[in-house]
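Take a look at the structure set out below.
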There are 2 protein chains.
Amino acid sequence: MVARRDTAQAEMTTGDARRRILDAARRAFATAGFEGASTRAIALEASVAQSLLLYHFKSKEALWRAVMDDVFAGLNDWIIHHQPDLRDAGPAKRLMVLVRGFIDFCASDADIHRIITVEGRAATDRLKWLVDTHLRANHARVCALIRRGQEAGEVRPGDPTLLYYSFIAIAGTAFSLAPEIALVSGDDRLVEAQAIEDLIRALLLTDFATG
Amino acid sequence: MVARRDTAQAEMTTGDARRRILDAARRAFATAGFEGASTRAIALEASVAQSLLLYHFKSKEALWRAVMDDVFAGLNDWIIHHQPDLRDAGPAKRLMVLVRGFIDFCASDADIHRIITVEGRAATDRLKWLVDTHLRANHARVCALIRRGQEAGEVRPGDPTLLYYSFIAIAGTAFSLAPEIALVSGDDRLVEAQAIEDLIRALLLTDFATG
DNA sequence: TATAGTCCTGATCGATTGATCAGTTCGGTG
DNA sequence: CACCGAACTGATCAATCGATCAGGACTATA
């Protein structure tokens, strides 16, 4: 109900500002956190007036929620469209396909991991909303897969939640901390997704389920 | 030269404020980032006037650097005092002792991992200072150990920097994202250090070097 | 007692914050 | 043409930001 989508000509510019605001806000929230990001800096990067930002999204907090909806919709689309046919695959295979999808998504846009790690460190109302709206469902789905893999002897035993956050930490950190890694190592080469997948495979799977 | 330490009675209060400011600032910077943390909120939590904060540390940025010095001094002290005799141990053994030390330090205070991950996501002047002053030395030392372990066939082959940041990510995330993990899993049990060490052992070491 | 120096507070500065509102532009519909 | 609503801007609000400054409280030295 925010914008009519039945006309064609106006599409090029109408709603374009809204898209630019959303992208600029995602980058700002991911790097500086909620309080650290200012609506004026976001508006400046999106090349719009600051008042327009509060016209499309009625408050800074509502803008933040819109950014989160946008980011996780992108993640779900990515994983759905990049998954091969898995109807007759075992839990370990299905798990590693999800892992590889998450790695590639983080490689294409590290902001999602930055957002999770910047909001997850304090029990705020925003974190509660984020968990209820987006995080809990993903966690439950992947952990169920991990448990089935453990029962089949293909996935390493142990707390599924710990395994879940461990592979997310590995897959996300390599990209979300890219500026630090480049400075520390003195080398700004890009990390290879395959190397990360191999690491996570060694972490999650038993020797029995290699393949 | 900051405070004289030769009297006894005044000790209880003198210099105590400086310590409280440092601790409050560490928590604030770790959770909200540099811009997100306000000197007034820090002073309020430390139960001092905001102007006292800028009396002991001449600016917000100088306070931030003092907090970093304090945190990494604590890490180095912890690791030094918790290391057994390693004169005749192999690189894999020495590496895992360092890993366990880092795990236990994160368990006792998750702020160090929060600080690294909140500052490392943008190439600011603060990150450059942090890398030059504290991070690069640790990275070089541990990576040299990883390389020696790889040459001995005890440590998994691959980019040492990737292995370094992977084990730091696993060891730190479990504690720095404790609020999120508790909300997502609906269970606020504390993560066991031994379970994390076992995971990292599977990640870093080859089957050849078990033990 | 007088002097000096450290620790600390309250008041206040200009700049910036999120938010509100009046007014302008413009394409679509009557 | 007239009108309406959506998109957008500039001005401005109170609140908060980091920082500065004058001065009080206190101890040690002379």
Review point. How long is the line joining CD of A/E61 and C1' of C/dA19, in whole Å?
Key: 14 Å
Check your understanding: Below 4.0 angstrom from OP1 or OP2 of D/dC8, is there any side-chain N or O of A/Y55?
Key -> no
Revision key, fill the gap. Of D/dC8, D/dT20, C/dA19, the nucleotide closest to the side chain of A/S59 is C/dA19
**Study point:** B/Q50, CD: over 12 other non-hydrogen atoms inside 6.0 angstrom
**Key:** yes
Review point. Expressed in angstrom and rounded to an integer, what is the separation of A/I21 atom CD1 from C/dG18 atom P?
Key: 14 Å
Check your understanding: Is it true that A/R18 and A/D23 make a salt bridge, defined as a side-chain N closer than 4.0 Å to a carboxylate O?
Key -> no
Review point. What's the CG-C1' distance between A/L54 and D/dC13, to the nearest Å?
Key: 14 Å
Practice item. Check whether any side-chain nitrogen or oxygen of A/H56 sits under 4.0 Å from OP1 or OP2 of D/dA6, and answer yes or no. Key: no
**Study point:** Distance, nearest 0.5 Å, that separates CG of A/D111 from CZ of B/R121
**Key:** 9.0 Å
Revision key, fill the gap. Taken to the nearest whole Å, CG/A/L52 to P/C/dC21 is 17 Å
Exercise for review: For A/R19 and D/dA7, give me the distance from atom CZ to atom P, rounded to whole Å.
Suggested key: 16 Å
Practice item. Nearest whole angstrom, please: distance from the C1' of C/dC8 to the CZ of B/F57. Key: 14 Å
Point to revise | Length of the NZ-C1' vector between A/K58 and C/dC21, whole Å | key: 17 Å
Grab the N/O contacts between the protein and nucleotides 11-17 of chain C below 3.5 Å, and write none if there aren't any.
unit_1: C/dT17; atom_1: OP1; unit_2: A/S38; atom_2: OG; d: 3.4

Check your understanding: For the atom pair CG (A/L95) and CD1 (A/I146), what is the distance rounded to the nearest 0.5 Å?
Key -> 5.5 Å
Practice item. Would you indicate whether B/D125, at its atom CG, is surrounded by more than 12 heavy atoms from other residues, nucleotides or ligands within a distance under 6.0 Å? Key: no
Practice item. Please state how far atom CG in B/L44 lies from atom P in C/dC8, giving the value in whole angstrom units. Key: 17 Å
Review point. Do A/H113 and A/F175 have ring centroids that are under 6.0 Å from one another?
Key: no
**Study point:** A/V155 side chain near A/P91 side chain, heavy-atom distance below 4.5 Å
**Key:** no
